[in-house]
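Worksheet: the structure to be examined is printed underneath.
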Amino acid sequence: MNARALYEALLDTDGPYPDVIDPWLDQAATADYRARLHLTATPDTRWWTEDKDLLQELYALSRVSDHLLLDPRLPPYLRLFTALGMTPVAEQPAFDPFLHEITEVEQAEDPDSPIEILDVRHPGLMLGELLFSRAGVRVRAGAAHAERGVADRWPLFWTHRRAHRPTRDLSQGWGNNSQWRTDFRVDYRTADGDLLNVAEDAPIDGNPDLDPNAYGNLGPDERLLTPAERRELLRNRTFLRTPATPAASPAWAGELWPFEWRLPDGIDESG
């Protein structure tokens, strides 16, 4: 049993979601599925270097999450993922791009007004120290911090589907089977700090030892971003403000390739 089967069953159902979710959860318990997922709860084992199938299974589960979030009825959503051992992200007084995905911006008159959470549209989920999904939040902010029409409407990366904005992930454009070989983005919040996209290894500012046009280095569009803009894109999975380059537009942003960047750079994989 796997999350792809659950996703496809949810697409096909005309009945209540629990009629599909509950039998799948029963099978998951028999297959010790929850225990396998819990192997990912900490970065200490560097499990992603050995278990590609688990990266892809987490991705399939993220597709289930994206599909369920299109429906405003959240009880089946929380029932499924808490049964797998995940915990909802606790409400936070301040906006945190690790935990929060902006769904709507109310523009404050003062451009310097910081980002303020107005309400939570859908919950986020953690599996131990692993971030599974961010909470969707409506915010008020000055344009110097988050622009309406950018932070809430430009392409959202590492995401398969949202009802209100374009999305980009590495499954898009592939066939029915190939798309399911996509890896989940692995982020951790640890006592020593956040690890972002830890299963990848591309330097976010490019490799100074390679020719700028070499394969695996920053592409020409990525080089148009400042270092701060690249970090904003990685942390928020989108832009909060229009990048400084004259090329910037939603269509241009959708062609960027940040999928292999990670922070911090140079994580020791030998320990």
Side-chain angles (χ1 to χ4, degrees), residues 1-41 45-71 76-77 80-81 83-86 101 125 127 130-134 155-163 165-187 196-202 215-216 219 234 237-238 251 253-262:
M1 55 85 60
N2 54 52
R4 175 182 174 181
L6 174 59
Y7 175 81
E8 292 173 344
L10 289 169
L11 290 184
D12 290 340
T13 186
D14 293 323
Y17 283 155
D19 290 352
V20 173
I21 290 172
D22 289 352
W24 187 88
L25 282 173
D26 290 342
Q27 293 182 45
T30 302
D32 209 16
Y33 187 88
R34 175 172 166 157
R36 184 163 180 253
L37 285 184
H38 274 255
L39 296 173
T40 71
T45 61
R46 270 76 169 172
W47 59 268
W48 58 86
T49 64
E50 302 293 335
D51 198 339
K52 191 78 167 177
D53 289 343
L54 197 47
L55 279 170
Q56 294 169 4
E57 185 61 22
L58 282 167
Y59 171 74
L61 267 181
S62 77
R63 289 275 292 268
V64 172
S65 171
D66 287 356
H67 178 71
L68 291 176
L69 288 178
L70 298 176
D71 191 305
Y77 181 84
L80 169 62
F81 291 109
L84 294 176
M86 299 185 191
E101 170 189 318
L125 294 164
L127 182 60
L130 174 71
L131 175 69
F132 178 72
S133 64
R134 299 185 298 166
L156 188 65
F157 287 84
W158 293 279
T159 305
H160 185 73
R161 192 174 181 188
R162 287 292 184 270
R165 69 191 305 170
T167 56
R168 287 289 312 278
D169 77 14
L170 291 176
S171 76
Q172 294 164 354
W174 291 94
N176 188 50
N177 289 318
S178 298
Q179 64 181 290
W180 296 103
R181 292 196 287 272
T182 302
D183 290 347
F184 180 74
R185 170 172 158 162
V186 181
D187 290 0
L196 304 182
N197 208 20
V198 68
E200 301 297 335
D201 60 4
Y215 177 78
L234 180 60
R237 308 188 185 209
T238 190
E255 296 302 313
L256 296 172
W257 198 263
F259 297 104
E260 297 173 351
W261 299 344
R262 75 172 176 189

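If you read the sequence from its start, that first residue is 1, and numbering goes on from there. Being a predicted model, the structure only gives us computed values, none of them experimental. Computation of the quantities below employed the complete heavy-atom set of this structure, encompassing side-chain atoms and omitting hydrogens, waters and symmetry-equivalent molecules.
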Partner set under side-chain hydrogen bond (donor to acceptor under 3.5 Å, both in side chains) for W174, not counting sequence neighbours: none
How far apart are the closest heavy atoms of V64 and A3, and which atoms are they? CG2-O, 3.6 Å
Would you compute the distance between atom CG of L54 and atom CH2 of W47 and round it to the nearest 0.5 angstrom? 5.0 Å
Are the side chain of R262 and the backbone N or O of V198 linked by a donor-acceptor pair below 3.5 Å? yes
Are any of the side-chain heavy atoms of T159 and R165 separated by less than 4.5 Å? no
List the atom of F157, the atom of A253, and the distance in Å for their closest heavy-atom pair. CZ-O, 3.1 Å
Hey, is R162 close enough to D66 for a salt bridge, meaning N to O under 4.0 Å? yes
List the atom of Y59, the atom of T182, and the distance in Å for their closest heavy-atom pair. CB-O, 3.3 Å
CG/D14 to CG/D19 distance, rounded to the nearest 0.5 angstrom? 11.5 Å
Quick check: does any side chain N or O of D187 sit under 3.5 Å from a backbone N or O of N197, one acting as donor and the other as acceptor? yes
For Q172 and T167, what are the C-alpha separation, side-chain angles and deciding distance, and is it a side-chain contact (heavy atoms from CB on, under 4.5 Å)? CA-CA 9 Å; Q172 294 164 354; T167 56; 3.5 Å; yes
Any non-hydrogen side-chain atom of L39 less than 4.5 Å from a side-chain atom of T45? no
Could you tell me whether D51 and R36 make a salt bridge, using a distance below 4.0 angstrom between a side-chain N and a carboxylate O? yes
Begin with the C-alpha distance, continue with both residues' side-chain angles, and end with the deciding distance and a verdict on side-chain contact (heavy atoms from CB on, under 4.5 Å) for L127 and L37. CA-CA 8 Å; L127 182 60; L37 285 184; 4.2 Å; yes
Below 4.5 Å, heavy atoms only, C-beta onward: do Y7 and L61 meet side chain to side chain? no
Within the 4.5 Å heavy-atom criterion, are T40 and L58 side-chain neighbours or not? yes
In residues 20-27, what donor-acceptor pairs under 3.5 Å come from side-chain atoms, sequence neighbours left out?
{"from": "D22", "atom 1": "OD1", "to": "R79", "atom 2": "NE", "distance (Å)": "2.8"}
{"from": "D22", "atom 1": "OD1", "to": "R79", "atom 2": "NH2", "distance (Å)": "3.1"}
{"from": "W24", "atom 1": "NE1", "to": "N2", "atom 2": "O", "distance (Å)": "3.0"}

Partners of R4 by salt bridge (Lys or Arg N to Asp or Glu O under 4.0 Å), sequence neighbours excluded? E8
Only counting residues at least two apart or in another chain, list the ones meeting salt bridge (Lys or Arg N to Asp or Glu O under 4.0 Å) with D169. none
Would you mind reporting whether D183 and W48 have side-chain heavy atoms less than 4.5 Å apart? no
In this structure, CG of L84 is separated from CG of L125 (nearest 0.5 Å) by 10.0 Å
Please determine which of S171, S62, S65 meets the side chain to side chain donor-acceptor pair (under 3.5 Å) test together with H160. S171
Closest heavy-atom pair, Q56 versus R181, reported as atoms and distance to 0.1 Å, is NE2-O, 3.3 Å
Between E200 (side chain) and W261 (backbone), is there a donor-acceptor pair under 3.5 Å? no
Only counting residues at least two apart or in another chain, list the ones meeting side-chain hydrogen bond (donor to acceptor under 3.5 Å, both in side chains) with Q179. R63
Steps toward side-chain contact (heavy atoms from CB on, under 4.5 Å) verdict (F132, F184): CA-CA 9 Å; F132 178 72; F184 180 74; 4.0 Å; yes
Please identify each residue that fulfils side-chain contact (heavy atoms from CB on, under 4.5 Å) with R34, with sequence neighbours left out. H38
